[in-house]
Amino acid sequence: MFELLTEHQFWTAVAIYWIFSAAVSSMPDPAGNGSSGYLWLYRFLHTIAGNITTAFGSRIPGLKTFTLLLVALLAAATSACAARYTVHPGALNKTDSAAYDILLVAETAIDQARLDYKSGHLPAGAKPAFDALIKSYNIARDSWLAYRSAIATNAPAAVYFSQLNQNLTDLAVRIRELEQTK
């Protein structure tokens, strides 16, 4: 359900506004001798609902129907461009795919550091951080392979997931440490 709402953000916002507007419209009018708190709440909510309606309605001078439709289409297109994670082909699930992405980033960092080291552009103090990154990458990769194996064989994957998560976190720390030594 949550995934459905995040993938259709524009229509979710429209539905929430419609519910909000209906709730505000159904509020009873404040009595002349009623509570000042209720009067304030009534006016505040009607002002919010009215401002939203005015902003998207035809009550703004000079706002034509075409402009309103253009804004609505732009808003719909913007929500369609929301960041979504695409699972890699061959991945067993989103965790497997995300772990693969992290390992690719680490591999790229290792390759770049290796080139910098060979060309003499890597500071001498960065060698221990570089070695720690390679060691952490190997551990994280082995952990990822164990997690994939557990998922593929329908074994309980919770322990493997926990270890994979810890190893990927350590890997990210090692990447940052290497970048700080440059």
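No experiment lies behind these values; they were computed from the predicted model shown.
A tilted orientation is assigned to the rings of F161 and Y147, their planes being inclined by 30° to 60°. Between W40 and F44, the ring planes lie parallel to each other; the angle is under 30°, not in the 30° to 60° tilted range.
Here L115 contributes atom CG and L122 contributes atom CG; the two are 10.5 Å apart, rounded to the nearest 0.5 Å. Note that the OG atom of S35 and the CG atom of L41 stand 9.5 Å from one another [nearest 0.5 Å]. Distance check, rounded to the nearest 0.5 Å: CG of N167 to CH2 of W144 gives 14.0 Å. The CG atom of D170 lies 4.5 Å from the CD atom of Q166; values are rounded to the nearest 0.5 Å. With rounding to the nearest 0.5 Å, the separation of CG in N93 from CZ in R148 is 9.0 Å. Rounding to the nearest 0.5 Å gives a distance of 13.0 Å between CZ of R43 and CG of L45.
Salt-bridge formation is detected for the pair K127/D131: a Lys NZ or Arg NE/NH1/NH2 atom is positioned less than 4.0 Å from an Asp or Glu carboxylate oxygen. Of the charged side-chain nitrogens involved, at least one lies within less than 4.0 Å of a carboxylate oxygen, so that R174 and E177 count as a salt-bridged pair.
Heavy atoms only, all atoms of each residue included: A91 and S97 are closest at CB-CB, 3.8 Å.
Taking 4.5 Å as the limit, every side-chain heavy atom of Q163 sits out of range of all side-chain heavy atoms of V159. Within the 4.5 Å cutoff, the side chain of I151 has no heavy atoms near those of the D96 side chain.
Remark: Y137 OH is packed, more than 12 non-hydrogen atoms of other residues, nucleotides or ligands lying under 6.0 Å away. For NE2 of H121, the number of neighbouring non-hydrogen atoms (other residues, nucleotides, ligands) closer than 6.0 Å is 12 at most. Heavy-atom contacts from other residues, nucleotides or ligands closer than 6.0 Å to OH of Y100 number 12 or fewer.
Cluster membership for L145 and I134, using ILVMFWY side-chain heavy atoms within less than 4.5 angstrom, is shared.
The main-chain N or O of L178 is found under 3.5 Å from a side-chain atom of T181 such that the two form a donor-acceptor pair. Distance alone, capped at 3.5 Å, places no donor-acceptor pair between the S136 side chain and the A132 backbone. Without hydrogens or angle criteria, T108 side chain to L104 main chain gives a donor-acceptor distance under 3.5 Å. In this structure, T169 contributes its side chain and N165 its backbone to a donor-acceptor pair below 3.5 Å.
Under the side-chain contact (heavy atoms from CB on, under 4.5 Å) test applied with L171, the options I139, L133, N138 reduce to a single match, L133.
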